[in-house]
**Q** 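For reference, the structure I am asking about is given below.
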There are 2 protein chains.
Amino acid sequence: MPTIKDIAEAVGVSIGTVDRIIHKRGRYSKKTAEKVLKVMEELNYTPNIHARGLKSTKQFNFAAVIPHGEQDGGYWNLVIKGINRAAAELGSYGSHLEILTFDRYSEGSCRKTLEEACLKGSDGLLVAPVRPDEVRSCLSERDIPYLFIDSDVQGLDDRISYIGQDSYQSGILSGKLMSLLLKGQKSPGIMLIEPPGSNAHIKRRIQGFRDYMTNMHPDSFFLDVKEEVDDEQSFHRYLDSSIKESEVRPLGIFVANSSVYYVASWLEKKGESYHGIPLIGYDLIPGREGYIESGLIDFILTQQPEEQGYRGVLQLYDRLVLKKEVQKELFVPLNIITRENLHTFENYNQRN
Amino acid sequence: MPTIKDIAEAVGVSIGTVDRIIHKRGRYSKKTAEKVLKVMEELNYTPNIHARGLKSTKQFNFAAVIPHGEQDGGYWNLVIKGINRAAAELGSYGSHLEILTFDRYSEGSCRKTLEEACLKGSDGLLVAPVRPDEVRSCLSERDIPYLFIDSDVQGLDDRISYIGQDSYQSGILSGKLMSLLLKGQKSPGIMLIEPPGSNAHIKRRIQGFRDYMTNMHPDSFFLDVKEEVDDEQSFHRYLDSSIKESEVRPLGIFVANSSVYYVASWLEKKGESYHGIPLIGYDLIPGREGYIESGLIDFILTQQPEEQGYRGVLQLYDRLVLKKEVQKELFVPLNIITRENLHTFENYNQRN
DNA sequence: TTAAAATGCGTTATCGATAACGCAAATGAT
DNA sequence: ATCATTTGCGTTATCGATAACGCATTTTAA
């Protein structure tokens, strides 16, 4: 491995000169710079990360701005887990990461938290822009580098990267799985549950699902249920009344987010005759796996929140500390979770 | 972050003493050692990786001993890809990794390659023990640290780690998926294909599949096909004669490894009436995805060869270079691949 | 022409861990 | 009592990149 000293000797200058040229800093002549860059190219010089990391006194301060951990059924806690794992893996050398959370259901909370992060002098932000307008208005007037997870924001294209899921395709995939579960039944009445606080993301999932079903089962019809409250009891009541109104027993239920667990507990309460109804939903929520094990929930698709948080931090680090190029867009794989492979996903990932 | 200097000052000794105590090296008194260790504990000292990496002139030489990349339908090339990705990520600081391949179908080739790796003075080996006997006889008499991927070896329990898949459970999962694809048909005749060079791994998959099916579809019967040759043409001929002999058209086909692609091309040749037969198999082979896209193959389970190679190298590094504790056994998640999520698995993973 | 300013570049201390080296003091042997 | 050996510990150079500092030399201004 060639060092800066090797370069200096090869060119016939001192290491100080080489360093200044590498960093385009201080004073040097154009001629020398050309020679140095040429030799660097030839010897295939790459800086020694350890020497750099050791010397650099610069503490990078990163901040992650995401909803409170327990919101959305604990979904964001999984993101936090991934963030912390990445932070631990990078060690705390040369970088420090702080997680700031906000209330995604209260106006202004997101903006306030973002501004707080900016004022702290963060060198980079990892943001879950569940409130795109607030994010847009806050970030567009600053020049802090930022990266989005979970969803993207139109108009903020100079983000470092976006890490998320192809929602529409995940809806398609759900459709396929539902189709299989229906075992060729004709005219399936499908209950399509649009959860509270539904956003563009969730709407795209529903669209994908609907498109697949109408395409493959033209005779299927939908019972759209749009829930407004995020609380198990009211959810159950609401489902009961929806069922009563429409007077059909659904042949399959698709829930476009983690409310699927509420639906599962509802089915459980309804008794045996409801237990076989195909049920597909989103997200693995710790403590709720029982519904998958018992088979009440047939399939869960995940957004891989942990993976998103993990990758997000790594990309921030790669881009800002290591100054590497990173992918501007990264879709996490669509994993299918079911009773038989559920346990193989647990506790994978921690690197020690 | 406390440094070795902080410890030294706190105790009232020099950094040299602290260093010797940390590494149990050279001469020091028991009393001082106790004090130093106590303070280290209190201040929660962790060595600075960068300083250590910078100083240590020790080049770790690792070797990966696996079958030729193109064997098993290119399967090992994927492992190699993961190994290289990990190697690139770790940078080449303080470690060098060499991949040595052998012919898994020729006796002694594995042993020879292993011995070669040992003679090169490797500090650690990543081994795919597809020939357990040769691995056992070679490694048990040396004291080089080693780690297994793909499959484990009985009697070599002092390995650093084993990284692989829960084969039986993957068979169970295949059974579940097959069961769904059969859409409730009665008395399904299942063609169960045991591929050439079948090992304990593959037999466990078959066992899992069979157990699930006989449990959930007691009326199902199996047409066992044990193929001997690993070549597309002969495979087709063999399938033809098997079908003719048994005089049944299979209602579903399970192939316990990547020979599933041969079966797919066979079904394609047989014409329309064969195209709808549920087909489940293993492994994503580059260039063969077309059979999944077209739907000829319904589901593919993967062993995540790339992930196995990647993790293997990371664990070797963590254990030997960073001297961390690592998990003695790591099962990779069972991913389900189908037409609708196939593309979300491609090109994920490389970190830049 | 001469002082002032600008340019190009070399020198050096630093980050934290490592390990060789060697000096005292303590212990042992004769 | 004297010398040899052992024991405990401090000092120091090193790894490669970084960046402050300052010395010559050249260029510009008056």
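Heavy-atom basis, side chains included; hydrogens, waters and symmetry copies ignored. Throughout, protein chains are lettered first and strands after them, A, B, ... in sequence-line order, and every chain is numbered starting at 1.
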**Q** Report the distance from atom NZ of A/Lys30 to atom P of C/dG8, rounded to the nearest whole Å.
**A**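 Interatomic distance, NZ of A/Lys30 to P of C/dG8: 11 Å.
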**Q** Does the side chain of A/Tyr146 pick up a donor-acceptor pair with the side chain of A/Asp158 at under 3.5 Å?
**A** yes
**Q** Rounded to whole Å, how long is the line connecting atom CZ of A/Arg27 with atom P of D/dT27?
**A** 15 Å
**Q** If you check every side-chain atom of B/Ser14, which of D/dA17, C/dA19, D/dT11 has the closest atom?
**A**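 Given the options D/dA17, C/dA19, D/dT11, the side chain of B/Ser14 is closest to D/dT11.
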**Q** Under 4.0 Å from OP1 or OP2 of D/dC9: is there any side-chain N or O of B/Arg20 that close?
**A**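 No, because none of the side-chain N or O atoms of B/Arg20 sits under 4.0 Å from OP1 or OP2 of D/dC9.
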**Q** Look at A/Thr17 and C/dG10 and indicate whether a side-chain polar atom (N or O) is within less than 4.0 Å of OP1 or OP2.
**A** yes
**Q** With the side chain of A/Ser29 defined as its heavy atoms from C-beta on, choose the nearest nucleotide among D/dA17, C/dA19, C/dG8.
**A**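 That would be C/dG8.
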**Q** Out of C/dA19, C/dC9, C/dT7, which nucleotide sits closest to the side chain of B/Arg25?
**A**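 Output: C/dA19.
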**Q** With a 4.0 Å limit, can you tell me whether B/Tyr45 has a side-chain N or O closer than that to the phosphate oxygens OP1/OP2 of C/dA17?
**A**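 It does, given that an N or O in the side chain of B/Tyr45 lies less than 4.0 Å from OP1 or OP2 of C/dA17.
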**Q** If each of A/Ala33 and B/Thr3 is mapped to the nucleotide of DNA chain C with the nearest heavy atom, which maps nearer the 5' terminus, i.e. the 5' end?
**A** A/Ala33
**Q** Can you measure B/Lys35 atom NZ to D/dG8 atom P for me and round it to whole angstrom units?
**A** 13 Å
**Q** Please identify each residue that fulfils salt bridge (Lys or Arg N to Asp or Glu O under 4.0 Å) with A/Lys38, with sequence neighbours left out.
**A** A/Glu42
**Q** Please determine whether a side-chain nitrogen or oxygen atom of B/His23 lies at a distance below 4.0 Å from atom OP1 or OP2 of C/dT18.
**A**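 Yes.
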**Q** Go nucleotide by nucleotide along DNA chain D from the 5' end; which of A/Ile4 and B/Gly12 gets its closest nucleotide reached first?
**A** B/Gly12
**Q** To the nearest angstrom, how far is B/Lys5 atom NZ from D/dT11 atom C1'?
**A**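 From B/Lys5 NZ to D/dT11 C1': 14 Å.
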**Q** Would you say A/Thr32 places a side-chain N or O within less than 4.0 Å of OP1 or OP2 belonging to C/dC9?
**A**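 Checking A/Thr32 against C/dC9: at least one side-chain N or O falls below 4.0 Å of OP1 or OP2.
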**Q** Just how far, in rounded Å, is P of D/dG8 from CD of B/Glu34?
**A** 13 Å
**Q** How close or far is atom C1' of D/dA17 from atom CG of A/Leu54, stated in whole angstroms?
**A**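 It works out to 9 Å between those atoms.
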**Q** Is it true that B/Lys328 and B/Asp157 have a side-chain N and a carboxylate O under 4.0 angstrom from each other?
**A** no
**Q** Under 4.0 angstrom, heavy atoms only, what part of the nucleic acid is A/Ile15 near: base, sugar-phosphate, or nothing?
**A** base
**Q** Find the distance A/Asp19:CG to C/dA13:P and express it as a whole number of Å.
**A** 17 Å
**Q** What is the separation between atom OH on A/Tyr28 and atom P on D/dT26, rounded to the nearest whole Å?
**A** 22 Å
**Q** Between B/Lys30 and B/Glu34, does at least one N-O distance fall below 4.0 Å, as a salt bridge requires?
**A**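 Answer for the salt bridge query: no.
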**Q** For atom CD of B/Glu141, decide whether the heavy atoms of other residues, nucleotides or ligands shown that lie under 6.0 angstrom number more than 12.
**A** yes
**Q** Look at the side chain of A/Lys55 and decide which nucleotide, out of D/dG16, C/dG16, C/dA19, has an atom nearest to it.
**A** D/dG16
**Q** Tell me which of B/Ile22 and A/Val13 sits closer to the 5' end of DNA chain C, going by the nucleotide each one is nearest to.
**A** A/Val13
